[in-house]
Engineer: 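The structure follows.
Predicted model, so just to flag it, every value in this text is computed and none were measured.
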Amino acid sequence: MKILLVESSSEQTTAVCTALERHGLKICVASSVEQALVQLAQNSVDAILLDIFLLPDGSGTQSFYRIQASAAGIPIVVFTAQNDHELALQFVRDGAQDFLVKGIASDDSVARCLQYAVERNRVEVALRNGEERLKVILENSYDAFISMDSKRLITDWNAQAERTFGWNKNEALGQNLSFIVPQHLRRRYLRDIEEFFANHDGNLLKTSKELVAKHKNGSEFPIEMTVFRVKEDAHYIFCTFVRDITAQKQSSAELEHVIQERTHMLMQSNEELHQFAKITAHDLQEPLRTIQGFARLLAEHCNDKLDKDGNEFVEYILDGVQRMQLLIQSVLLHSQIPTESVPNSFADCNSVLDEVLSNLSATLTETSTNLEVGALPNVAVERTQVIQLFQNLLSNSIKYRSEESPQISIRAEAGANEWLFSFADNGIGIDPKYSGNIFDMFSRLNGKTKYPGAGIGLAICKKIVLSHGGNIWVDSKLGQGSIFLFTLPAVRKGRKSKMTGFIEILLVEDTPSDVRLTQEALKHATFKHTLTVKNDGVEAMEYLKEIKNTAGGKLPDIILLDLNMPRMNGHEVLAEISSDTGLRDIPVVLLTVSEREEDIMDALRSKMNYYIAKPVTGEKLSTLINSIHDLQHKDQAHDKVPTNEEVHIRLVLAGNPHTSEVALKKLAEDPNERVRSRVAENAKLPLEIFLKLVTDPSIEVRTSIGENPNAPDEIFELLARDTSDDVRLALSENSVLPTHLLKALAADDNMFVASSAQKTLEGITQK
């Protein structure tokens, strides 16, 4: 690190140079401003230590400005004998890195100050360069770039944004982002963005759907938009990249049109080929039957008149006709196999094999074939096609047998979404170089005399397998048998689109219009339900208690409760339900026009499980009731991937102290780590669920348990031995932890865990 010392006193220069060189700094000296300017022109220095008062050539202040003008980018530390606070502030405001007073600042302080000035300047230069690079990148971006403050007011607008939307930067700055959206769509777009960031922990929203934007000239055009937010102090700033996809959309539309045309042509061609195959098969077989008939008559009537060659010629004619008929029938059979799988197809391969064995029973007995068959699955393939596939492969293994009796093994192994089948035999085998050709039509590797056939059986197998998205191949060597392998789709688990039972819903609402709106919303529900309406809290409680005290009475599955009602309001109803052991497990959803935090918190403390702001919508209410009902019933299947709305509902219920134990058990097994973490934070979690979550594979879940002040001591004991440092660290910060565990953690091998536990212990002692 090289320092330029500007100092008029030779004694002071010597002392400073000696002190700084001891700290490894290289020093070059100037005794006046002119010498300093020459040094700066000739040498590269990292910092300047400037005495501004003892110079003989004028004002110290002017000296600083002259040197600063020639030392752009080089940090300057003012070093003076004058201890003047106001003057120091002036120099720092004007660009000095620091202000040191001789006789007060030690040699070590001066050295450290210079080193820090150089490092800070390096960081600032890097930041400035980074900002400049970023500005260049954004200005030359192919996408329009827009940045906004927390109120969605535009703070930056690049050149591509000007070209995309037509407004220049000065026109756009200070505008709300919504001004690039058509008037009739503004509310929806802004609501979608707000809801996304309100309900997601992430900071990136990338639209996969097409949006519509507005140009300055009034025209509308399609866009793709990515919005991300960055936290700045206590607020977020928002940035968005926008791309005009008009050309892409036009290209897609043109491509779609071409695809549709070609698809139509292919379908038409396939249908014509199918009809051609049927007609050809019929028309070809007609003359063949004629040839066959007259050839047989010739053989019968002229047998004695024909010589040996003549009779042989007739036999060749009859044999050729039979083979031609077999070929035509095989081609027709191949053409009739669908090129696409039949929806909702199902076949039990065990019963299929039984039928195939029955069809081939005579051949199996005649050839003394020995079969070994493993457990076979159900597949998503039409049954007749599986019969055809199995029968062709089994016949093939028997036909191409060796001198030994056929030994055939049939097995199936499960994959992710398919089954892998293998038909292994001890036959004559296949030369590997032909293994890719044997599935072609009319492909033959052996003579017709010993192995008769049309050479189309394996081609039919291939078409059946490929039409269902599978694959087929062979593993074989000459004289060592063959293994034919193929894949078929597994039968997928059926999913319930609607619930089979009725959901009993109690609506407690005193406003007729809101009752009607709720009834209309439930008409669009995806489940069967019965709705009982009570007009105030007194009626509702009388109804609930009557059912509870009636033998065999069915309590509602869910209660929809208005907050503001006469006689007994929603808060009072919640309190009474909470105090009744027979009613407290019924989930309660608050219907309210009040979203005041005070009202919501009061309801949450009483009993509320969830709330919806009025007016309710069918989709939101349906999703909510479905989700709560799924969690309340042990036998309710929920195979589908939850939507973002459903995940949000689960997160709320997972952390709610009034959520039933049945629901919490299901939430503790949720595939979403965030949901399980929220369960682990629940203030009313039963020990059974704590014990389940304490062995959860997710560190985040176990960390959440460690932070839960309501966790029992036996859970804390288990977490104190957790292998994750993060889990033990979270535990060490929990002030309700037993003292003996905190002391054990204070001796932890991880210094951060030990330090945190010691700090927690000290805090408890001080209390």
Side-chain angles (χ1 to χ4, degrees), residues 496-550 552-565 568-574 576-578 580 582-593 603 606-638 645-646 648-650 652-653 656 658-660 662-663 666:
K496 297 182 181 180
S497 59
K498 294 186 178 180
M499 295 186 178
T500 54
F502 279 84
I503 299 179
E504 304 283 347
I505 303 171
L506 171 61
L507 172 62
V508 188
E509 173 64 72
D510 69 314
T511 306
S513 59
D514 285 334
V515 171
R516 184 58 186 270
L517 284 171
T518 305
Q519 290 171 331
E520 290 299 315
L522 285 169
K523 286 182 180 179
H524 303 284
T526 58
F527 50 81
K528 299 175 183 177
H529 66 278
T530 58
L531 180 67
T532 301
V533 180
K534 297 299 174 184
N535 297 121
D536 61 40
V538 173
E539 286 186 20
M541 292 310 305
E542 289 174 351
Y543 171 75
L544 290 171
K545 289 176 181 178
E546 182 183 351
I547 295 177
K548 188 185 73 166
N549 297 325
T550 302
K554 174 71 167 65
L555 287 168
D557 293 299
I558 192 166
I559 299 173
L560 305 178
L561 178 66
D562 185 25
L563 189 62
N564 299 312
M565 294 181 296
M568 180 185 284
N569 64 30
H571 291 300
E572 293 169 322
V573 172
L574 286 172
E576 194 160 340
I577 290 175
S578 179
D580 191 319
L583 302 176
R584 67 173 55 156
D585 282 341
I586 303 175
V588 180
V589 175
L590 211 62
L591 304 179
T592 177
V593 293
S606 300
K607 167 66 182 77
M608 180 191 77
N609 294 81
Y610 206 88
Y611 83 94
I612 299 181
K614 296 180 183 178
V616 297
T617 63
E619 182 181 1
K620 191 174 185 68
L621 187 58
S622 177
T623 301
L624 175 62
I625 294 177
N626 249 324
S627 299
I628 293 178
H629 188 269
D630 280 357
L631 294 170
Q632 285 292 112
H633 292 76
K634 296 178 182 178
D635 58 344
Q636 188 66 45
H638 197 75
E645 179 66 23
E646 289 170 329
H648 176 70
I649 292 168
R650 292 184 187 189
V652 173
L653 295 174
N656 193 318
H658 301 297
T659 300
S660 69
V662 171
K666 296 188 78 170

Engineer: Can you list the residues that meet the side chain to side chain contact (heavy atoms under 4.5 Å, CB included) rule with S578, with sequence neighbours excluded?
Structural biologist: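 Expected list: K607.
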Engineer: Heavy-atom distance under 4.5 Å between the side chains of M568 and M541, does that happen here?
Structural biologist: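 Sidechains of M541 and M568: in contact.
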Engineer: Between E576 and K545 (salt bridge meaning N to carboxylate O under 4.0 Å), is one present in this structure?
Structural biologist: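 Answer for the salt bridge query: yes.
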Engineer: Taking all heavy atoms of L583 and all of I577, pick out the closest pair and write down the distance.
Structural biologist: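 The answer is O-CG2, 3.6 Å.
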Engineer: Considering all heavy atoms of both residues, which atom of E509 and which atom of M565 are nearest to each other, and what is their separation?
Structural biologist: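 It is N-SD, 4.3 Å.
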Engineer: How would you list, by chain and number, every residue that makes a side chain to side chain contact (heavy atoms under 4.5 Å, CB included) with I547, sequence neighbours excluded?
Structural biologist: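 With neighbours one apart ignored, the set is Y543, L555.
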Engineer: Suppose we screen for side chain to side chain donor-acceptor pair (under 3.5 Å). Which residues come up paired with D580, at least two apart in sequence or across chains?
Structural biologist: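 Once residues adjacent in sequence are excluded, the partners of D580 under the side chain to side chain donor-acceptor pair (under 3.5 Å) criterion are K548.
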Engineer: Tell me if a side-chain donor or acceptor on D562 pairs with a main-chain N or O of V508 at a distance below 3.5 Å.
Structural biologist: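 Checking the backbone N and O of V508 against the side chain of D562, no donor-acceptor pair under 3.5 Å is found.
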Engineer: I need the I558 CD1 to L507 CG distance, nearest 0.5 Å.
Structural biologist: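 Reported to 0.5 Å precision, the distance equals 11.5 Å.
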Engineer: Could you pull out the closest heavy-atom pair between G537 and V573, with the gap in Å?
Structural biologist: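 Closest pair (atom of G537, atom of V573, distance): CA-CG2, 3.5 Å.
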Engineer: How would you list, by chain and number, every residue that makes a side chain to side chain donor-acceptor pair (under 3.5 Å) with D536, sequence neighbours excluded?
Structural biologist: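 Partners of D536 by the side chain to side chain donor-acceptor pair (under 3.5 Å) criterion, ordered by chain and then number, come out as R567.
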Engineer: Below 4.5 Å, heavy atoms only, C-beta onward: do V589 and L561 meet side chain to side chain?
Structural biologist: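 Sidechains of L561 and V589: no contact.
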Engineer: Any heavy-atom pair between the side chains of L590 and L574 that's under 4.5 Å?
Structural biologist: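 A side-chain contact exists here, since the closest heavy-atom pair is under 4.5 Å.
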Engineer: Taking the side chain as every heavy atom from C-beta outward, state whether L560 and L506 have any atom pair closer than 4.5 Å.
Structural biologist: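 L560 vs L506: side chains apart.
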Engineer: Can you sort out the partners of R584 under side chain to side chain donor-acceptor pair (under 3.5 Å), two or more places apart, ordered by chain and number?
Structural biologist: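 None.
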Engineer: Do you know the tightest heavy-atom contact between D557 and K554?
Structural biologist: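 Closest approach of D557 to K554: OD1-NZ, 3.2 Å.
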Engineer: The criterion is side chain to side chain contact (heavy atoms under 4.5 Å, CB included); which residues satisfy it with Q519, sequence neighbours excluded?
Structural biologist: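 V515, R516, L531, V533.
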